[in-house]
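The first residue in the sequence is number 1, and the count goes up from there.
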Amino acid sequence: MQPLRYAFFGTGPLAESVLATLYRNGYIPSLVVTKPDKEQGRHMVVTAPSIKTWASLKGIDVFQPESLKDLREDSVIFKQPFDVFIVASYGKIIPESILTLPEHGVLNVHPSLLPKYRGPSPLESALLNGDMSIGVSIMKLDNEMDHGPILVQNSFMTPTEATAGTLEVICGQMGGEMLVQCLSHYIEKTLLPQEQNHAEATICKKITKELGLIHLHDDIREVRRKYRALSPWPGLYFFITHKDKEIRVKINALDLVTTKNEITADAYILSVTPEGKKQMDFESFKRGYMNSN
């Protein structure tokens with residue numbers, strides 16, 4: 001088989017893990033398509049996506065359109081023939097004009113056992129629901145959200161202390177390995193995509209900052225699921241009233257394994273950052289903020 005001519009679309013840890021695995025196995029993309037540079041941090045410094053930096057160091061061309069909807073025909077994505085596009089956590093809508101460009105269509109790495117958890121937050125949803133296993137699907141994209149036919153799927157037991165952030169990396173590595181195993185068969189048409197059972201589809205919603213709100217006397221089992229699902233973003237927080245002022249407090253670390261007689265969250269919080277203050281251990285926080293008015 002001739003070297004695969006493909007463009008890779010993605011941003012973030014899952015995409016980086018998929019692409020690194022493909023590259024390590026000899027699948028070198030002709031083009032990496034990722035999100036534009038954006039302002040980040042307290043000082044709003046314009047920062048490139050990590051995948052752009054990685055690709056540039058490897059000598060791979062990078063394309064960062066604001067949108068794929070109205071690309072001109074002289075843009076780089078139209079200038080060369082592609083066998084396939086591979087998408088992993090790109091985060092932008094891919095219009096039909098792009099889906100039909102490569103000879104063999106567009107493949108997507110989705111971190112769930114489709115048709116379960118279609119949508120933008122499959123890993124977070126699985127952790128929030130306490131799922132015992134996590135899945136990865138390689139599918140062919142069509143015009144509907146996570147609706148296309150499946151090439152291959154795999155799953156693994158959810159590690160006890162895994163967060164959405166760590167699972168992105170694990171799923172990316174697994175998805176990359178699955179692509180390495182199936183790409184040649186897919187291109188040669190010895191592996192044919194199979195339609196999903198659409199009647200069993202479930203949809204997950206976009207994660208918002210508001211989901212991170214907890215109360216100190218919430219059940220620790222629920223709080224642990226939230227902590228794992230919402231790490232690294234948006235994280236957990238609670239409010240207290242201190243000196244007649246309501247203060248937002250960010251939870252930095254939570255005990256995810258210890259079993260105690262207490263079942264409320266306040267018995268398991270390890271460190272916090274009160275609004276406008278530095279990080280501190282939770283015992284110090286309680287002495288300074290919860291035992292005085």
Side-chain angles (χ1 to χ4, degrees), residues 1-12 14-23 25-40 46-110 114 118-120 137-151 172 175-176 179-180 182-189 191-193 195 206:
M1 183 174 137
Q2 295 294 320
L4 189 70
R5 301 169 301 180
Y6 79 98
F8 184 88
F9 295 65
T11 303
L14 186 141
E16 293 161 16
S17 295
V18 172
L19 183 54
T21 302
L22 289 170
Y23 186 92
N25 285 276
Y27 287 91
I28 315 300
S30 304
L31 180 69
V32 168
V33 183
T34 189
K35 292 181 179 179
D37 300 356
K38 68 176 184 178
E39 296 177 338
Q40 292 183 349
V46 176
T47 305
S50 297
I51 201 167
K52 174 186 178 179
T53 304
W54 180 91
S56 298
L57 288 172
K58 302 292 186 185
I60 300 167
D61 290 338
V62 177
F63 184 40
Q64 297 175 275
E66 289 287 348
S67 170
L68 296 174
K69 292 181 180 179
D70 301 307
L71 290 181
R72 293 160 50 109
E73 290 193 3
D74 61 354
S75 67
V76 64
I77 205 165
F78 291 98
K79 286 185 175 180
Q80 56 184 306
F82 291 98
D83 297 311
V84 68
F85 290 162
I86 295 174
V87 178
S89 189
Y90 179 53
K92 290 182 178 289
I93 294 173
I94 300 179
E96 187 171 4
S97 59
I98 303 298
L99 291 176
T100 56
L101 276 179
E103 180 180 354
H104 298 281
V106 181
L107 300 183
N108 176 237
V109 179
H110 186 80
L114 291 168
R118 292 177 179 175
S137 301
I138 308 296
M139 60 171 288
K140 185 175 181 180
L141 285 182
D142 61 16
N143 285 326
E144 300 184 46
M145 182 181 66
D146 301 327
H147 175 275
I150 302 294
L151 273 72
L179 283 167
V180 168
C182 76
L183 272 170
S184 61
H185 301 291
Y186 169 70
I187 298 298
E188 294 166 0
K189 294 184 169 57
L191 174 63
L192 300 177
E195 185 173 6
K206 185 177 180 179

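- Taking OG1 of T11 as the reference point, atom CD of E16 lies at 8.5 Å (rounded to 0.5 Å).
- Without hydrogens or angle criteria, D61 side chain to L31 main chain gives no donor-acceptor distance under 3.5 Å.
- For the atom pair T47 OG1 and D37 CG, the distance stands at 8.0 Å (nearest 0.5 Å).
- The shortest distance between side-chain heavy atoms of P193 and M139 does not fall below 4.5 Å.
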Given the rule in the side-chain contact (heavy atoms from CB on, under 4.5 Å) test, do R5 and Q80 qualify, once you have shown the distances and angles that lead to the verdict?
CA-CA 9 Å; R5 301 169 301 180; Q80 56 184 306; over 6 Å; no

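- What you find for V180 and Y27 is that their closest heavy atoms are O-OH, 3.9 Å.
- Of all heavy-atom pairs spanning V62 and A55, the tightest one is CG2-CB, 3.7 Å.
- In this structure, the side chains of I86 and F8 come closer than 4.5 Å at one or more pairs of heavy atoms.
- What you find for G175 and V109 is that their closest heavy atoms are CA-CG1, 4.0 Å.
- Side chain of E195 to backbone of P149: no donor-acceptor contact under 3.5 angstrom is found.
- When the shell of 6.0 Å around CD1 of I93 is examined, it contains 12 or fewer heavy atoms from other residues, nucleotides or ligands.
- Within the 3.5 Å criterion, the main-chain N or O of H104 finds a donor-acceptor partner in the side chain of Y186.
- L19 contributes atom CG, which lies 5.0 Å from atom CD1 of I51 (distance to the nearest 0.5 angstrom).
- Side-chain contact between F85 and L101 is present, with at least one heavy-atom pair separated by less than 4.5 Å.
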Is there a side-chain contact (heavy atoms from CB on, under 4.5 Å) between I60 and W54 once you walk through the steps?
CA-CA 9 Å; I60 300 167; W54 180 91; 4.0 Å; yes

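- Between S75 and F63, the shortest heavy-atom contact is CB-CZ, 4.1 Å.
- Interatomic distance, I94 CD1 to K69 NZ, rounded to the nearest 0.5 Å: 12.5 Å.
- Checking side-chain atoms of S89 against main-chain N and O of G12 turns up no donor-acceptor pair under 3.5 Å.
- The minimum heavy-atom distance between L14 and A88, with the atom names listed, is CD2-CB, 3.7 Å.
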Would Y6 and L107 count as a side-chain contact (heavy atoms from CB on, under 4.5 Å) if you check the C-alpha gap in whole Å, the side-chain angles of each, and the deciding distance to 0.1 Å?
CA-CA 10 Å; Y6 79 98; L107 300 183; over 6 Å; no

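- With F9 as the partner, the side-chain contact (heavy atoms from CB on, under 4.5 Å) test is satisfied by one option alone out of L68, V106, N108: L68.
- Atom-to-atom distance recorded for I187:CD1 and K189:NZ is 7.5 Å, nearest 0.5 angstrom.
- In this structure, K92 and P65 have side chains that are not in contact, with every pair of non-hydrogen atoms separated by 4.5 Å or more.
- For the atom pair NZ of K58 and OG1 of T53, the computed distance is 12.5 Å after rounding to the nearest 0.5 Å.
- Of all non-hydrogen atoms in G176 and T21, the two that sit nearest each other are C-CG2, 3.6 Å.
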